[in-house]
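Lettering of chains follows the sequences in order, A, B, ..., and the numbering in each one begins at 1.
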Number of protein chains: 2
Amino acid sequence: MNPDDHIIADIRQFNRFYTNILGLLDKHVLNTGYSFTEARVILEIGFLEQCIANQLVDKLDIDRSYMSRIIAKLSKDGLLSKENSALDSRTSLIRLTPEGTAFFNRLNEKSDEQIVRLLQGLSQQEIKELHTSMLLIQKKLEKPEGI
Amino acid sequence: MNPDDHIIADIRQFNRFYTNILGLLDKHVLNTGYSFTEARVILEIGFLEQCIANQLVDKLDIDRSYMSRIIAKLSKDGLLSKENSALDSRTSLIRLTPEGTAFFNRLNEKSDEQIVRLLQGLSQQEIKELHTSMLLIQKKLEKPEGI
DNA sequence: ATTATTTGTTGACAAAGTCCACTAAATAAT
DNA sequence: ATTATTTAGTGGACTTTGTCAACAAATAAT
């Protein structure tokens, strides 16, 4: 169809390839006792520091009811706390507890280790090239604004 | 930990970013009546042209019993055929039927369109850079041999 | 004030994936 | 050759993951 059919084929090939890479990297999470989705929620709360359930729903694109249950579970497990919001009493302010933060940190460390492992065997020069390539891809593909 | 902490952070950022990209690209599959996993199976059979179940299990890292059920479903739906292997009568040779191939082609077309859409707004030069970057990443990260 | 919308929760399901045991065939070991 | 061992596939039973619809309470819009 297009003049650059082989480019499209290569990009799709890259996407398949990188799906695998990401899959490998994500697997380590599963040794933590939490699912990938639960881990995403914990990470997001960690990054946001404080939030309400609906923010997580929007940001992570997870069903409201499902999110409600995940939060209930994590709360029961003592990883996060809910405090009634004064501004809007339908909502609760969600934060990581110290245990939650510890978990968050462990998760981050493990993720970093995974990356180190991924880069194993590459020279500094090669890592630099890789890095540059990733930045370029991200820059080119990120839309200026929401879709 | 490492001298290149910010590189690790950037790579993780890229991974999160690209997870989203892939998620967007994959969504279109869900309008086909088949799940993402089922689509992967169909695509893989299409690429291999002929295979046995176990190859798919290994290549796609899907549980044997689950694969068995997926194949049964796709077979029932008329997308693929199973023929007893003469060489190893434990196995069946799996191929796409004409309907399966049609589905495969549609899937491929849709995937190509998705890529075109992704590249929308980029100049030829930018696309070329993107392409080069992807090839580099793939080259650097693909292990010479199985793990 | 009344209506509409938003936020979160619950019950009931459906879809996706896993674990285990089993059969039958193919290979390896003796 | 006969007996293990391994491999390929299947089916039952199950867990996990995710969805949908209905609901109450609070807030926002008219």
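Nucleotides of DNA chain C lying under 4.0 Å from heavy atoms of chain B occupy a range whose first and last members, 5' to 3', are C:dA16 to C:dA26.
Under a 3.5 Å cut-off, the side chain of B:Thr97 and the backbone N or O of B:Gly78 do form a donor-acceptor pair. No donor-acceptor pair closer than 3.5 Å links the side chain of A:Glu44 to the backbone N or O of A:Val41. For the pair A:Ser92 (side chain) and A:Ile94 (backbone), a donor-acceptor distance under 3.5 Å is absent. Here the side chain of B:Ser68 pairs no donor or acceptor atom with the backbone of B:Arg64 at under 3.5 angstrom.
In this structure A:Asp26 satisfies the side-chain hydrogen bond (donor to acceptor under 3.5 Å, both in side chains) test with no other residue, sequence neighbours excluded. Scored by the side-chain contact (heavy atoms from CB on, under 4.5 Å) test, A:Arg90 finds A:Asp88 as partners (sequence neighbours excluded). The side-chain contact (heavy atoms from CB on, under 4.5 Å) check on A:Leu135 picks up A:His131, B:Asp10, with sequence neighbours excluded. Take A:Thr32 and apply the side-chain hydrogen bond (donor to acceptor under 3.5 Å, both in side chains) test, not counting sequence neighbours, and it matches no residue. A:Lys73 pairs by the side-chain contact (heavy atoms from CB on, under 4.5 Å) definition with A:Tyr34, A:Glu38, A:Asp77, not counting sequence neighbours. With sequence neighbours excluded, no residue forms a side-chain hydrogen bond (donor to acceptor under 3.5 Å, both in side chains) with B:Arg106.
Of the residues in residues 85-95 of chain B, those with a non-hydrogen atom less than 4.0 angstrom from any atom of DNA chain C are B:Asp88, B:Ser89, B:Arg90. Contacts between residues 36-52 of chain A and DNA chain D, defined by a heavy-atom separation below 4.0 Å, involve A:Thr37, listed by number. Interface residues of residues 56-74 of chain A facing DNA chain D, ordered by number: A:Asp63, A:Ser65, A:Tyr66, A:Arg69; criterion, heavy-atom separation under 4.0 Å.
Contact annotation: B:Lys82 side-chain N/O to D:dA8 OP1/OP2 distance is not under 4.0 Å.
Between the side chains of B:Gln13 and B:Arg16, at least one donor-acceptor pair of N or O atoms lies under 3.5 Å.
Residue pairs meeting the ring pair (Phe, Tyr, Trp, His ring centres under 6.0 Å) criterion with at least one partner in residues 39-98 of chain A, sequence neighbours excluded, are A:Phe47-A:Phe104.
Ion pair B:Arg69/B:Asp63 not flagged as a salt bridge, since none of the NZ, NE, NH1 or NH2 atoms sits closer than 4.0 Å to an Asp/Glu carboxylate oxygen. Looking at A:Glu49 and A:Arg95, no side-chain N of the basic residue comes within less than 4.0 Å of a carboxylate O on the acidic one, giving no salt bridge.
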Criterion side-chain contact (heavy atoms from CB on, under 4.5 Å) on B:Leu130 and B:Leu119, from CA distance to verdict: CA-CA 9 Å; B:Leu130 198 69; B:Leu119 300 181; 3.5 Å; yes
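Each end of the helix from C:dA1-D:dT30 to C:dT30-D:dA1 yields a helix axis from five base pairs, and these two axes differ in direction by 30° (to the nearest 10 degrees).
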